[in-house]
Amino acid sequence: MELGRLEYLQALVTEFQVTDSTGNKCRCSLALSLSSVYSHTRPFSLAEAKEQVLANLANFAYDPSNYEYLRQLQVLDLFLDMLTEDNETLVEFAMGGLCNLCLDKTNKEYILEASGVEPIINCLSSSNEETVVSAVTTLMFLTTTRSRAQTTALPVVECMLRFSLSANTRLSNLASIFLQDYCSPLQVEEARNLSKHTAVGIPLPKD
């Protein structure tokens with residue numbers, strides 16, 4: 001990495017802002033240049049460029065040495081904002097980035113203070129398996145004494161009960177851990193009883 005770590009991350013964040021408030025195209029040179037790094041036979045489209053830059057930011061979120069820089073550059077806010085995008089790939093990468101970041105106590109508190117739990121819960125209804133798995137994992141990491149009422153709210157527990165019955169072993173195992181380690185027997189029983197009398201509203205992700 002020729003640039004310093006902070007400068008490189010700043011460049012990625014800047015290049016992600018490829019549309020202005022009116023939707024007009026602006027800078028995307030760094031994102032488009034990444035096409036050669038990843039051996040694409042054609043330049044990235046604008047949407048692909050945004051996806052690639054966001055994927056890079058999510059990957060940098062794996063490394064704790066980047067946490068302070070990512071907070072400084074407001075990347076946590078960027079990830080949270082992307083959770084409501086129509087582009088499922090952007091949602092997947094943003095959810096993955098948050099999942100990586102919330103192992104850190106400071107990042108966890110920031111996400112909770114930024115009212116990040118609700119959009120993360122909404123990601124449980126995604127048809128993208130990776131998004132759902134990251135959302136379940138993130139809710140686990142975000143569960144504290146203070147946040148437990150929200151992260152293990154009845155609709156969430158109902159959802160985990162459904163996921164635990166999924167033919168998708170990865171998802172069913174993760175949901176079972178959530179129910180066992182983060183929910184009380186009373187919560188599980190209440191959700192199970194309610195599920196018998198209500199239509200299920202959260203679909204399983206596609207395999």
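Everything numeric in this text was worked out from a predicted model, so none of it was measured. When reading the values below, keep in mind they use all heavy atoms of this one structure, side chains included, and skip hydrogens, waters and symmetry mates. Index from 1, following the sequence.
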Original post:
Taking it one step at a time, do Arg146 and Glu109 satisfy salt bridge (Lys or Arg N to Asp or Glu O under 4.0 Å)?
Top reply: CA-CA 10 Å; Arg146 180 167 59 89; Glu109 289 299 319; 2.7 Å; yes

**OP:** Take Arg192 and Glu189 through the test salt bridge (Lys or Arg N to Asp or Glu O under 4.0 Å) and record every step on the way to the result.
**Re:** CA-CA 5 Å; Arg192 184 174 286 116; Glu189 186 62 27; 3.6 Å; yes

**OP:** Might you work through the side chain to side chain donor-acceptor pair (under 3.5 Å) test for Glu92 and Asn128, ending with a clear yes or no?
**Re:** CA-CA 7 Å; Glu92 175 189 338; Asn128 183 311; 3.0 Å; yes

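To the nearest 0.5 angstrom, Phe141 atom CZ is 13.0 Å from Thr151 atom OG1. Atom CD1 of residue Ile177 and atom OG of residue Ser164 lie 12.0 Å apart, to the nearest 0.5 angstrom.
A donor-acceptor pair under 3.5 Å is absent between the side-chain atoms of Thr152 and the main chain of Cys183, judged by distance alone. Listed for the Gln187 side chain is no donor-acceptor partner under 3.5 Å among the backbone atoms of Val157. Under a 3.5 Å cut-off, the side chain of Lys50 and the backbone N or O of Leu90 do not form any donor-acceptor pair. No side-chain donor-acceptor contact under 3.5 Å links Ser126 to the backbone of Cys123.
With no hydrogens or angles considered, a side-chain donor-acceptor pair links Thr14 and Gln10 at under 3.5 Å.
Checked against the 6.0 Å centroid threshold, Phe178 and Phe163 do not count as a close aromatic pair.
The number of heavy atoms from other shown groups lying within 6.0 Å of OH (Tyr69) does not exceed 12. Within 6.0 Å of atom CD in Glu85, more than 12 heavy atoms from other residues, nucleotides or ligands are found, so the atom counts as buried in its surroundings.
In terms of heavy-atom proximity, Thr138 sits nearest to Ser134 at OG1-O, 2.6 Å.
Only one option out of Asn66, Asp104, Thr106 pairs with Arg71 in a side-chain hydrogen bond (donor to acceptor under 3.5 Å, both in side chains); it is Asp104.
The shortest side-chain heavy-atom distance between Phe79 and Leu54 falls under the 4.5 Å cut-off. Between Leu83 and Asn122 the shortest side-chain heavy-atom distance does not fall below 4.5 Å.
Using a 4.5 Å cut-off between side-chain heavy atoms of Ile, Leu, Val, Met, Phe, Trp and Tyr, with links allowed through other members, Met140 and Leu112 fall into the same hydrophobic cluster.
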